[in-house]
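Here's the structure, in structure tokens; my notes come after.
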Amino acid sequence: MIENNELAMNMQSQLSFEEFRKEVLSDFRQACISREVSLLGRREVLTGKAKFGIFGDGKEVAQIAMAKYFKPGDFRSGYYRDQTFAFASGIATVEQFFSQLYADPDITNDPFSAGRQMNAHFATPNVDMEGNWLNIAGMKNTAADMAPTAAQMPRALGLAYASKLFRELPELEQYSHLSNHGNEVCFATIGDASTSEGHFWETVNAAGVLQVPLAIFVWDDGYGISVPRKYQTTKGSISEALEGFRKNGHSNGIEIYNVKGWDYAGLCETFEEGIRKARENHVPVLFHVEEITQPQGHSTSGSHERYKSKERLAWEKEFDCNVKMRQWLLENALAEESELRAIEVEAKVIAQESRKKAWDKYIAPIREQVQAFTAVCQSILDEGRGDTEYVAQQMRELAANREPQRRDILKAAAGILFKHPRNFSEAMDGLQVYYDQQLAAEKENYNTFLHATGPNSALEVPEVPAIYADDAPVMNGYEILNRYFDQLFSDHPLVFAFGEDVGKIGDVNQGFAGLQQKHGKTRIADTGIRELTIMGQGDRYGLARAPAYRRDPVSGLSALRAAAAQR
């Protein structure tokens with residue numbers, strides 16, 4: 001019996017080890033795929049298929065470790081180097097990444113922005129096409145990325161603050177599709193250089209005061225484009241500069257962790273501990289991820305060889321996170337050399353096939369437009385009138401263009417029409433019709449999705465004209481506002497107000513007088529003088545756009561704005 005038990009234990013141990021080995025090899029595979037995506041993406045820009053590219057090479061291992069603790073209901077509020085996290089969490093596919101790099105306007109190919117945004121800008125929907133809320137609590141979510149550095153930080157505060165409210169207020173438990181009892185964490189990512197922005201400091205301070213489940217990941221590669229860290233950050237370290245914010249004992253503040261960006265095991269262990277604290281205790285945490293590298297430099301607009309020393313470049317090759325993870329796998333007998341080579345070859349194939357699929361989907365409709373344009377031009381040539389040599393030249397140039405753009409077709413058509421007066425000929429009239437149709441189609445391509453549509457769109461809210469009874473009493477403006485806000489908070493549990501002086505004293509103009517005492521300090525709260533993060537705090541799901549009052553003539557969002565305006 002003892003022998004059988006020992007055998008069973010050994011078998012169980014072996015199974016556990018094998019599962020662990022499979023997981024870490026899968027992680028290495030994902031890191032290799034993402035690296036190949038970065039390499040291919042840069043090449044696509046430099047060959048002219050895309051206009052600009054910025055990639056996440058050097059951060060693969062850290063972002064894979066981060067994604068392990070990203071659960072349904074959580075939100076990401078990040079920046080433009082998070083491609084590996086997007087792949088590892090399932091938010092994006094490699095093919096979708098390339099579609100966005102090419103600025104494909106087909107939303108089925110680039111579901112994040114339909115070609116409107118810079119590459120590596122991700123987004124997940126909160127509502128369906130009719131404006132109804134999706135099951136946010138059951139999804140892995142990301143707020144739409146913004147290009148300005150540190151712009152993601154104030155919004156991250158709001159997403160984390162939402163979890164705090166859902167946990168603290170029993171009346172919000174009915175909205176289980178928006179939150180699982182406030183167990184969500186907001187993952188905010190930022191480059192080390194961008195921590196110099198005021199947005200970052202205001203957010204860290206507000207998070208430490210509010211005690212919200214915000215996990216901040218600072219990717220520290222030692223530079224802000226070409227400017228070394230010592231010229232950007234006090235003490236040359238953001239974690240040291242933030243030491244006074246560290247949570248001690250029963251104080252508020254943030255938890256701070258330091259970890260190396262190439263240390264796979266250390267990253268997993270550190271992230272697990274910190275995110276667990278944020279999720280369970282609603283304590284903000286900051287991970288200073290140091291010794292990150294950028295194998296291809298900052299972006300496709302320049303070369304890091306111009307400002308990095310030979311010693312630094314040599315160090316970056318040695319401490320490349322993918323290289324270090326490969327070494328770790330071999331040193332710990334988790335893989336054979338042949339296995340790792342096979343994974344690396346497979347990663348190249350996957351990235352190349354995904355790139356090709358994205359490009360083929362992008363270029364196919366353009367080539368169809370070229371064919372249609374050529375057919376119309378051939379009619380002009382057959383007719384034999386006008387500047388036929390110029391028309392033939394435009395046809396030849398488009399035919400020789402292996403990678404035509406939509407604008408190339410419109411430019412060629414416009415050039416021909418410019419040389420000929422209106423009603424010049426029947427064939428030329430046909431080109432005018434073609435041009436007008438194409439122009440309308442491209443306007444549709446690039447001007448849709450600018451705002452919410454459907455029956456719940458803000459543009460569909462009916463006008464309600466003001467009606468005053470002849471015997472209506474004369475009241476001060478602040479009294480009218482006060483009665484309105486009182487009714488709003490009584491009828492809609494998803495409406496909150498916070499801002500400078502709106503709480504205890506009821507705002508300096510008394511529009512909120514007595515409302516905190518009636519509805520509670522959580523529903524109507526005072527804040528510090530920090531206007532940027534007050535706006536960010538208001539940018540949170542389920543609170544500013546809830547179905548319960550989305551159809552009202554005056555929405556709860558207006559109430560929030562009015563509250564912020566009261567000083």
Side-chain angles (χ1 to χ4, degrees), residues 127 131-133 157-158 161-162 164-175 178-179 206 209-210 451-452 455-567:
V127 295
N132 301 306
W133 281 103
L157 176 73
Y161 184 65
K164 178 183 179 73
L165 295 178
F166 276 110
R167 177 172 290 183
E168 292 186 353
L169 292 175
E171 55 265 41
L172 298 183
E173 290 181 1
Q174 59 182 304
Y175 302 103
L178 300 179
S179 173
V209 170
L210 292 171
H451 52 75
N456 288 323
S457 168
L459 301 182
E460 299 298 324
V461 175
E463 178 185 0
V464 180
I467 300 174
Y468 302 99
D470 293 336
D471 58 347
V474 176
M475 300 179 66
N476 292 312
Y478 80 87
E479 294 177 295
I480 297 172
L481 287 173
N482 187 273
R483 291 192 182 188
Y484 162 71
F485 286 128
D486 187 17
Q487 180 179 340
L488 187 67
F489 286 107
S490 297
D491 294 344
H492 302 294
L494 284 172
V495 178
F496 293 77
F498 42 83
E500 298 154 14
D501 305 311
V502 301
K504 184 176 181 179
I505 69 169
D507 96 54
V508 294
N509 295 314
Q510 296 298 285
F512 277 79
L515 297 187
Q516 185 185 72
Q517 292 80 359
K518 180 176 181 179
H519 299 285
K521 293 182 178 180
T522 304
R523 295 288 304 283
I524 301 170
D526 283 318
T527 70
I529 299 176
R530 50 175 181 82
E531 285 83 0
L532 180 65
T533 47
I534 290 173
M535 295 303 295
Q537 201 171 326
D539 188 6
R540 59 198 195 273
Y541 68 99
L543 302 177
R545 298 169 54 212
Y549 60 81
R550 189 161 50 213
R551 293 180 293 273
D552 284 359
V554 181
S555 73
L557 182 56
S558 297
L560 292 173
R561 288 172 176 161
Q566 298 293 325
R567 288 292 300 275

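The analysis underlying the following values was restricted to heavy atoms, covering all of them including side chains, and did not include hydrogens, waters or symmetry mates.
- Crowding of Glu171 atom CD: a count of heavy atoms from other residues, nucleotides or ligands under 6.0 Å exceeding 12.
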Considering only distance and modelled atom types, tabulate donor-acceptor pairs under 3.5 Å from the side chains of residues 465-480, sequence neighbours left out.
unit_1	atom_1	unit_2	atom_2	d
Asn476	ND2	Glu479	OE1	3.4
Glu479	OE1	Asn476	N	2.9

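- The two atoms that bring Glu531 and Glu500 nearest to each other are OE2-OE2, 3.1 Å, heavy atoms only.
- Using modelled atom types, one side-chain atom of Asp526 and one backbone atom of Val502 make a donor-acceptor pair closer than 3.5 Å.
- For Lys518, the side-chain hydrogen bond (donor to acceptor under 3.5 Å, both in side chains) partners are Asp486, not counting sequence neighbours.
- Relative orientation of the Phe512 and Phe485 rings is parallel, given thresholds of 30° and 60° on the angle between their planes.
- In plain terms, the two heavy atoms of Phe498 and Ile534 that are nearest each other are CE1-O, 3.4 Å.
- The structure places OH of Tyr175 at 4.0 Å from CG of Leu494, a figure rounded to the nearest 0.5 Å.
- To the nearest 0.5 Å, atom CG of residue Leu488 and atom CG of residue Leu481 are 11.5 Å apart.
- Residues Leu157 and Leu210 approach most closely at CD1-CD1, 4.1 Å, considering heavy atoms.
- Pairing each heavy atom of Thr522 with each of Tyr161, the nearest pair is O-OH, 4.3 Å.
- In this structure, Trp133 CH2 and Leu178 CG are separated by 6.0 Å, a value rounded to the nearest 0.5 Å.
- In this structure, the separation between CD1 on Ile524 and CG on Asp507 is 10.5 Å, given to the nearest 0.5 Å.
- Residues forming a side-chain hydrogen bond (donor to acceptor under 3.5 Å, both in side chains) with Glu168 (at least two apart in sequence, or on another chain): Lys164.
- Annotation: side-chain contact (heavy atoms from CB on, under 4.5 Å) contacts of Ala513 (sequence neighbours excluded): Asn482, Gln510.
- Smallest separation of non-hydrogen atoms from Thr533 and Ala206: OG1-CB, 4.2 Å.
- Arg167 meets the side-chain contact (heavy atoms from CB on, under 4.5 Å) test with Asn183, His282; sequence neighbours excluded.
- Residues passing the side-chain hydrogen bond (donor to acceptor under 3.5 Å, both in side chains) test with Arg523: none are found, sequence neighbours excluded.
- Judged by distance alone, the side chain of Gln516 and the main-chain N or O of Ile505 form no donor-acceptor pair under 3.5 Å.
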